[in-house]
Peer 1: 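Quick one: structure below, then a few questions.
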There are 2 protein chains.
Amino acid sequence: MIRQLLLLGILMDGKMHGYRLNEYIKHTMDFYTDLKKSTAYYILEQMEKEGYVSCETEREGKRPERRVYEITKPGKAYFLELLRNCLAGYAPTSYGDDICVAFMDKVPPAEIHTLLEGKRRKIVARLETFKEHKRHEGGWKYVINHNIAHLKADLSWVDSMLKERGKES
Amino acid sequence: MIRQLLLLGILMDGKMHGYRLNEYIKHTMDFYTDLKKSTAYYILEQMEKEGYVSCETEREGKRPERRVYEITKPGKAYFLELLRNCLAGYAPTSYGDDICVAFMDKVPPAEIHTLLEGKRRKIVARLETFKEHKRHEGGWKYVINHNIAHLKADLSWVDSMLKERGKES
DNA sequence: AACCGAATAATCAATATAGACTAATTATAT
DNA sequence: ATATAATTAGTCTATATTGATTATTCGGTT
């Protein structure tokens, strides 16, 4: 669903062939989605069957054939429906961290502090990455802010656990 | 991976049959995971093949047969390995909201404010739910705090967008 | 006492996703 | 000049996930 939205959203700016679509996702959206190449092709095929995109094969020079996808009128309507639903909705996220923290006490208490410090470092590292993005990119402003907000929340959450649980080491 | 951790973590407190496992997840972990019943059975089967859990079928009274799962020694070791990795690691989350906000401008500008207000209400509602949980449950303290932190981050993020993008309505 | 809905317990077929693979072309380095 | 690496483009198989379905039993109701 969200993946359909993603692909249709890109195609809203004009037709594109599968390979370029995937390169685009990989280069400019890598931090915001985990959509893989083969899944993208699969969803495009499925959306072609449902009439949301049309597909023509073309070849340029002696390169292999490419499948050029274009969003259709029903596809545009469907995209807007998905988009409105997503903008007005809230899809509860489930975090792997929740599960492992729930079982935290099953690891020897002496280790906990060190382990959480490892997590902390990784959060800080990712936070730095996003702060750099902030300077470079323009359009994705809100998205970057969103991710930064969540990373900051994670950071102070880990810090609060370190404070409470870190005494015994 | 995180789902294996979840199932093994429950089994660390003693053997349990499939149905009860799933009821347990549904009743006490519903907010923190989206693991479905059939997926749980699948993962248990897979972990049985790998020797992390053993499985015996038993029947009580005239009820249908149940598969009782018990974690093995290799299973406990594997669980601790997963747990350490998860506690010390950070798995980047990708949010559906990021995608739809990235395409926000493809919806008529006049609608944006109303749509985002819808999202805001849903965030607030969920936040209330978690705040109630806070009183009832004891052990899952950090998990609840984590979710509350993220919901608050979402809330002030939506508010910042409402402030910037809501003028034109 | 017969019926209906909920609970118990799991299975199955269909769909979605990931990761490895193919196969040609162009760029790079020795 | 030629071996090697990277790029282009997409496919294929294996695995994970979901939603629907089955089939029995228990508890309450009229």
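Side chains are part of it too, since the values below use all heavy atoms of this structure and drop only hydrogens, waters and symmetry mates. A note on names: the letters A, B, ... follow the listed sequences, proteins ahead of strands, and every chain is numbered from 1.
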Peer 1: Spell out, as yes or no, whether a donor-acceptor pair under 3.5 Å connects the side chain of T72(B) to the backbone of G51(B).
Peer 2: yes
Peer 1: Would you call the rings of F103(B) and F79(A) parallel, tilted or perpendicular, taking 30° and 60° as the class edges?
Peer 2: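 The rings of F103(B) and F79(A) stand perpendicular, inter-plane angle above 60°.
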Peer 1: So for K36(B) and dG19(D), does any side-chain atom that can act as donor or acceptor lie under 3.5 Å from a complementary atom in the base?
Peer 2: no
Peer 1: So which nucleotide from dA9(C), dT17(C), dA9(D) ends up closest to the side chain of T39(A)?
Peer 2: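 My answer, after comparing the listed nucleotides, is dT17(C).
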Peer 1: Can you see if the side chain of R3(B) gets near the phosphate of dT18(D) - specifically, an N or O under 4.0 Å from OP1 or OP2?
Peer 2: yes
Peer 1: Can you check the I43(A) CD1 to dA16(C) P distance for me, whole Å?
Peer 2: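 Value for this atom pair: 8 Å.
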Peer 1: Measure the distance from OH on Y41(B) to C1' on dA16(D) and round it to the nearest whole Å.
Peer 2: 18 Å
Peer 1: Does L35(B) or R66(A) map to a spot on DNA chain D nearer the 5' end, using the closest nucleotide for each?
Peer 2: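 By nearest-heavy-atom nucleotide position, the 5'-most residue is R66(A).
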Peer 1: Is a donor-acceptor pair below 3.5 Å formed from side chain S38(A) to base dA18(C), judging by atom type as modelled?
Peer 2: yes
Peer 1: Whole-Å distance between dA16(D) P and I2(B) CD1?
Peer 2: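 Taking atom P of dA16(D) as the reference, CD1 of I2(B) is at 15 Å.
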Peer 1: Compare side-chain N and O positions of Y42(A) against OP1 and OP2 of dA16(C) and report whether any pair is under 4.0 Å apart.
Peer 2: yes
Peer 1: Rounded off to whole Å, could you give me the NZ-to-C1' distance for the K37(A) and dC12(D) pair?
Peer 2: 12 Å
Peer 1: Can you tell me the distance, in whole Å, between the NZ atom of K26(A) and the P atom of dG10(D)?
Peer 2: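 My rounded result for the distance is 14 Å.
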Peer 1: Please name the residue in the list Y32(B), F31(B), F130(B) that meets the ring pair (Phe, Tyr, Trp, His ring centres under 6.0 Å) test with W140(B).
Peer 2: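 When Y32(B), F31(B), F130(B) are each tested with W140(B), the ring pair (Phe, Tyr, Trp, His ring centres under 6.0 Å) holds only for Y32(B).
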Peer 1: Give the intermediate values and the outcome of salt bridge (Lys or Arg N to Asp or Glu O under 4.0 Å) for residues D154(B) and K119(B).
Peer 2: CA-CA 10 Å; D154(B) 278 328; K119(B) 187 190 287 299; over 6 Å; no
Peer 1: Is there a side-chain contact between R67(A) and the phosphate of dT11(D), meaning an N or O under 4.0 Å from OP1 or OP2?
Peer 2: yes
Peer 1: On the nucleotide dT15(D), are OP1 or OP2 found under 4.0 Å from the side-chain N or O atoms that Q46(B) carries?
Peer 2: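 Result: no.
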Peer 1: Ring centres under 6.0 Å, that's the criterion: do Y95(B) and H146(A) meet it?
Peer 2: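 They qualify: ring centres under 6.0 Å apart.
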Peer 1: Whole Å only: how far is the CG atom of L44(B) from the P atom of dA9(C)?
Peer 2: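 Value for this atom pair: 15 Å.
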Peer 1: How long is the line joining CG of N22(A) and P of dT7(D), in whole Å?
Peer 2: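 Whole-Å distance recorded here is 16 Å.
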Peer 1: Take the protein atom NE2 of H17(B) and the nucleotide atom P of dA7(C), then report the distance between them rounded to whole Å.
Peer 2: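 Taking NE2 of H17(B) and P of dA7(C), I get 15 Å after rounding.
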